[in-house]
Undergrad: 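Quick one: the structure is below, questions incoming.
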Amino acid sequence: RIWRMDDVVDEVGKVSSWILGDVLGKDIPEYLSLTTKSLKKKTLPTSLNQWQNLTFDDWLSISPLLCSFVVVISWVIYFVLCYRRNRRKEKPGTPKSNSFWIARTLLVRGMGLVYFSAFLTSAMQSRGLFGENGIDPVIKRSTNRPIPAFEFLETVCGIPRGDLALDIISWTGVFLSGILTLGILEWVVIPLLLWAMYLSLINLQARVLIGYGWEWQTCEVGFLILFLCPILPKKKLTYKNALPPSELILLLLRWNAFRVLFGAGMSKIGERSSDCWKELTCTQTHYFTQPMPNPLAWFFHKLPDDFHRFEVALTFVEQLVLPFGALLPFQSARVTTCFMEFILQFGIIATGNYAWINWISGLTFLSLLDDRTLTFMRLGFIGDFARNPVTPSKESDSSEDSKDVSSESRDNPGDSPGFSSLGYLGISVRSLIHACVVVFICCKSIAPLKELHSPAPWLHYYDDYFFVNAYGVFGFINKHRVVMTLESTHDALPKLSGKKNNSCKDREGGIANSPDGKTLTCADVSYYCSRYPGLSDVCPLTCGKCSKFSRKDKKALSKMKWKPIHFSNSPGDIKRRPMVNSPYHYRLDWELWIHTTASMERYGEDWLNTKKLQNIPNPGIVTSLIDKLLKGNQEVIGLLGNEGYLNHINTPISFSLQNVTAIRSRYYLYEFSDTENFIEKGEWWKRKPISA
């Protein structure tokens, strides 16, 4: 796009109007008002007796306030100490404590690994999920959100939006993220292209993408990583040919680390959180109700109740106290925070498959580690520039005199006497850009901060680019695992009576309005039937509550030979071992968990109370999935069990699902098996049917 000067002036005017009008005139006063109200509600005890009488809920409520006071006081002490003492001289030959060369390399390459997982997941699954013939073919739909990669392919290369464009973007992302991870080429264009391409995929608005926080965080952190990369391409970044990483950008990465953890902690003490959090019992059911358990989850589930209570208490420490360590000015405190967070994130990764959310959350904490710490950890070999970010020793001074770049200027290139005026101009422009980014992110952070003050903090994004988001995750923990299983048959269908309940009809016309004012019909809300029980009363036909078969028909169908269809990493066969797939992500399995376990808790309670099989309607995504399988859609079939077999017979899925005559769904309550059955029979799960 060619920008005229009038366009630039208009954009500058819009940004100025936003900052002066919305941010300074509305958002900041509103946030200060919310903060004042929050402080009035969370008054600190004024006597020893009041401190002793605090309940566990009281401690959870005031712990963020206490930690905030500690951060403020720490910064005051830090500035006083810095003012009174001279700059400490570093010992010759030791890494500088205020340099972050190694951390910069780890952050950039770690982001490359996150992008690699994201784009590989997209390359392997996008066609079946949201391609032209996918379960939710959003690739065909128009969108007002920015999709620069698709627009480039269509306008410059003549490739229309479709499966081919989807493949090109996904596999190009895999290739470029591999370059970024391996450090083959250091250039800001590579992370910029990755960010634009992944933003384009998310903004297609496929439900399996845009609905999840780790997708937004990938864009948010990916945007900040851009400013740690050189503008000009370099095969290897060294301390001689590059400027030190900007501490302003590192500060924004720490800000992201703080918001992600603290948002998760606040969601666990909000109004919509599960009671088990404050009862310290959530992990007694979490390990088997989580989206995709791995093998270690079975063993952790069997640990004593006291250990589970300790786990939940530790979670509160991690998410309500530990994040403030990222904001402290003292390096020793930040390093301690980082290592503690790594240990806790590793524990989550070891017991569940949560895509790359824990990987990217841990990645941002690397911004807390300086070169001295990483060199002590024997990580100084990472990157050529990371080998010698040291203060010069006297012995090396004479040998360096003949070189163009002095040893002092290697740590601070801008301080070199021979640094050109153009170089100083570049440093000034770079500093100005980074300062503008900080102001921009601070302004964008007001909405997520207001979300933290809400009664029930949750997940939210606030713009089309996901610059700053709210991350209130896993405030609700399920007590039951409702699992939908699919079974197929090649038998000839019996002659059915075809009797239908003609009185079972959807309400005609609009039943609700979308946030943008569009009138929604029953057909438009089929996706949400499993999430909102009241919809089945308004749209019984769409939500699957209408009986399609008579009792005689059901009996005839039950006599047919049915074979189970396995998903990639969802429970099915009770002897099937859970898999380890993180940071790779099975999006269909996660989405099915959202529409069953996360949305059908009530069915488990009803069955436990009545012991009666229920008529559970299929969610809209399941109806679409079954329709594609019956048509033999190869892209959708490829989303199923990666073991490649149905019911452990030597028949590939792609062959077994050809020419099937029918597919049926059944719902079960799943739990991890007893220790005795696990040892003697090799059973990982036990299940009970809750639907006909």
Side-chain angles (χ1 to χ4, degrees), residues 115-177 193-212 214-216 218-219 222 355 461 463-466 514 516 518 520 523-528 568 584-592 594-595 619-640 654:
Y115 273 133
F116 184 83
S117 303
F119 279 107
L120 183 62
T121 299
S122 177
M124 301 298 291
Q125 302 175 32
S126 291
R127 277 183 175 240
L129 288 171
F130 50 88
E132 294 179 12
N133 297 306
I135 297 173
D136 183 22
V138 297
I139 193 70
K140 297 179 179 179
R141 302 172 194 164
S142 60
T143 177
N144 295 325
R145 300 175 70 89
I147 47 174
F150 289 101
E151 291 174 353
F152 175 83
L153 289 176
E154 190 166 2
T155 56
V156 178
C157 305
I159 301 175
R161 186 145 45 108
D163 285 349
L164 178 59
L166 202 57
D167 286 344
I168 290 174
I169 291 173
S170 299
W171 287 110
T172 302
V174 171
F175 175 73
L176 292 178
S177 60
L193 289 174
L194 290 168
W195 177 77
M197 289 191 295
Y198 204 68
L199 177 71
S200 301
L201 291 175
I202 296 178
N203 278 337
L204 290 174
Q205 300 183 73
R207 298 184 183 99
V208 295
L209 274 173
I210 201 169
Y212 299 106
W214 60 81
E215 310 287 0
W216 317 338
T218 301
C219 287
Y461 62 87
D463 56 67
D464 293 345
Y465 297 91
F466 308 98
S514 64
D516 56 3
K518 180 184 175 182
L520 302 175
D524 297 325
V525 300
S526 60
Y527 180 83
Y528 300 99
S568 297
Y584 186 79
H585 183 44
Y586 290 114
R587 287 183 169 135
L588 177 61
D589 295 55
W590 190 289
E591 195 68 16
L592 291 175
I594 289 291
H595 288 279
I621 187 175
V622 175
T623 304
S624 179
L625 170 65
I626 292 174
D627 179 63
K628 300 295 181 181
L629 294 178
L630 286 172
K631 293 177 179 177
N633 187 308
Q634 292 300 307
E635 284 83 7
V636 176
I637 290 173
L639 299 174
L640 300 178
S654 58

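Since this is a predicted model, take the numbers as computed values, not measurements. All values below come from the heavy atoms of this structure, side chains included, with hydrogens, waters and symmetry mates left out.
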Undergrad: Answer yes or no: is there a side-chain heavy-atom contact under 4.5 Å between Ile139 and Phe150?
TA: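 A side-chain contact exists here, since the closest heavy-atom pair is under 4.5 Å.
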
Undergrad: Are a donor atom and an acceptor atom from the side chains of Tyr584 and Gln125 found within less than 3.5 Å of each other?
TA: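 The criterion, which ignores hydrogens and geometry beyond distance, is satisfied for Gln125 and Tyr584.
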
Undergrad: Heavy-atom distance under 4.5 Å between the side chains of Leu204 and Leu209, does that happen here?
TA: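 The answer is no; the side chains never approach within 4.5 Å.
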
Undergrad: For a quick test of reading the model, state the closest non-hydrogen atom pair linking Ser122 to Ser170 and the distance between them.
TA: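 In terms of heavy atoms, the two residues are closest at OG-OG, 2.9 Å.
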
Undergrad: What are the two closest non-hydrogen atoms of Arg127 and Leu164, and how far apart are they?
TA: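 Answer, listing the atom of Arg127 first, then Leu164: NH2-N, 4.3 Å.
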
Undergrad: Taking the side chain as every heavy atom from C-beta outward, state whether Phe116 and Val174 have any pair of such atoms under 4.5 Å apart.
TA: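 With C-beta onward as the side chain, the pair touches.
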
Undergrad: Heavy atoms only: give me the nearest Ser126-Leu166 pair and the separation to one decimal.
TA: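 Heavy-atom minimum between the residues: CB-CD2, 3.5 Å.
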
Undergrad: So, the side chain of Asn633 versus the backbone of Asn133: is there a donor-acceptor pair under 3.5 Å, distance only?
TA: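 Flag set: sc Asn633 to bb Asn133 pair under 3.5 Å.
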
Undergrad: Any idea which heavy atoms bring Trp216 and Ile210 closest together, and the distance?
TA: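 Between these two residues, the closest heavy atoms are NE1-O, 2.9 Å.
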
Undergrad: Would you call Arg141 and Asp136 a salt bridge, taking side-chain N to carboxylate O under 4.0 Å as the test?
TA: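 Between Asp136 and Arg141 there is a salt bridge, with a charged N closer than 4.0 Å to a carboxylate O.
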
Undergrad: Could you tell me how the ring of Trp590 sits relative to the ring of His585: parallel (under 30°), tilted (30 to 60°) or perpendicular (over 60°)?
TA: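 Because their plane-to-plane angle is over 60°, the rings of Trp590 and His585 count as perpendicular.
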
Undergrad: Check whether any side-chain heavy atom of Asn203 sits under 4.5 Å from a side-chain heavy atom of Thr143, and report yes or no.
TA: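 A side-chain contact under 4.5 Å is absent here.
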
Undergrad: Parallel, tilted or perpendicular: which fits the ring planes of Tyr465 and Trp195, with parallel below 30° and perpendicular above 60°?
TA: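 The rings of Tyr465 and Trp195 lie parallel, inter-plane angle below 30°.
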
Undergrad: Taking the side chain as C-beta and beyond, is there a heavy-atom pair between Leu153 and Ile169 under 4.5 Å?
TA: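 Yes - at least one pair of side-chain heavy atoms lies under 4.5 Å apart.
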
Undergrad: Using the rule side-chain contact (heavy atoms from CB on, under 4.5 Å), only one of Leu588, Ile594, Asp589 pairs with Leu592; which is it?
TA: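 Only one option passes, and that is Leu588.
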
Undergrad: Using the rule given for side-chain contact (heavy atoms from CB on, under 4.5 Å), can you reason through Ile621 versus Arg207, listing the C-alpha separation, both sets of side-chain angles and the distance that settles it, and then say yes or no?
TA: CA-CA 10 Å; Ile621 187 175; Arg207 298 184 183 99; over 6 Å; no

Undergrad: I'd like to know if the side chain of Ser568 and the backbone of Leu639 have a donor-acceptor N/O pair within less than 3.5 Å.
TA: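 Answer holds: yes.
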
Undergrad: Report yes if some heavy atom in the side chain of Met197 is under 4.5 Å from a heavy atom in the side chain of Phe152; otherwise report no.
TA: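 The answer is no; the side chains never approach within 4.5 Å.
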
Undergrad: Minimum heavy-atom separation for Leu194 to Ser177, with atom names?
TA: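 Closest pair (atom of Leu194, atom of Ser177, distance): CD2-N, 3.8 Å.
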
Undergrad: Taking all atoms of both residues into account, what is the closest heavy-atom pair of Gly222 and Tyr115, and its distance?
TA: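 Closest approach of Gly222 to Tyr115: CA-OH, 3.4 Å.
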
Undergrad: When you look at Asp163 and Glu132, which way does the side-chain contact (heavy atoms from CB on, under 4.5 Å) test go after all the steps?
TA: CA-CA 6 Å; Asp163 285 349; Glu132 294 179 12; 3.6 Å; yes

Undergrad: Less than 4.5 Å apart, any side-chain heavy atom of Leu201 and any of Phe119?
TA: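 Side-chain contact under 4.5 Å: yes.
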
Undergrad: With a 4.5 Å cut-off on side-chain heavy atoms, are Met124 and Tyr586 touching?
TA: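 Side-chain contact under 4.5 Å: no.
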
Undergrad: To the nearest 0.5 Å, how far apart are CZ in Arg587 and CD in Glu215?
TA: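 Going from CZ on Arg587 over to CD on Glu215, the span is 5.0 Å.
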
Undergrad: Begin from the C-alpha positions of Leu625 and Leu629 and carry the test side-chain contact (heavy atoms from CB on, under 4.5 Å) through to its verdict.
TA: CA-CA 6 Å; Leu625 170 65; Leu629 294 178; 4.1 Å; yes

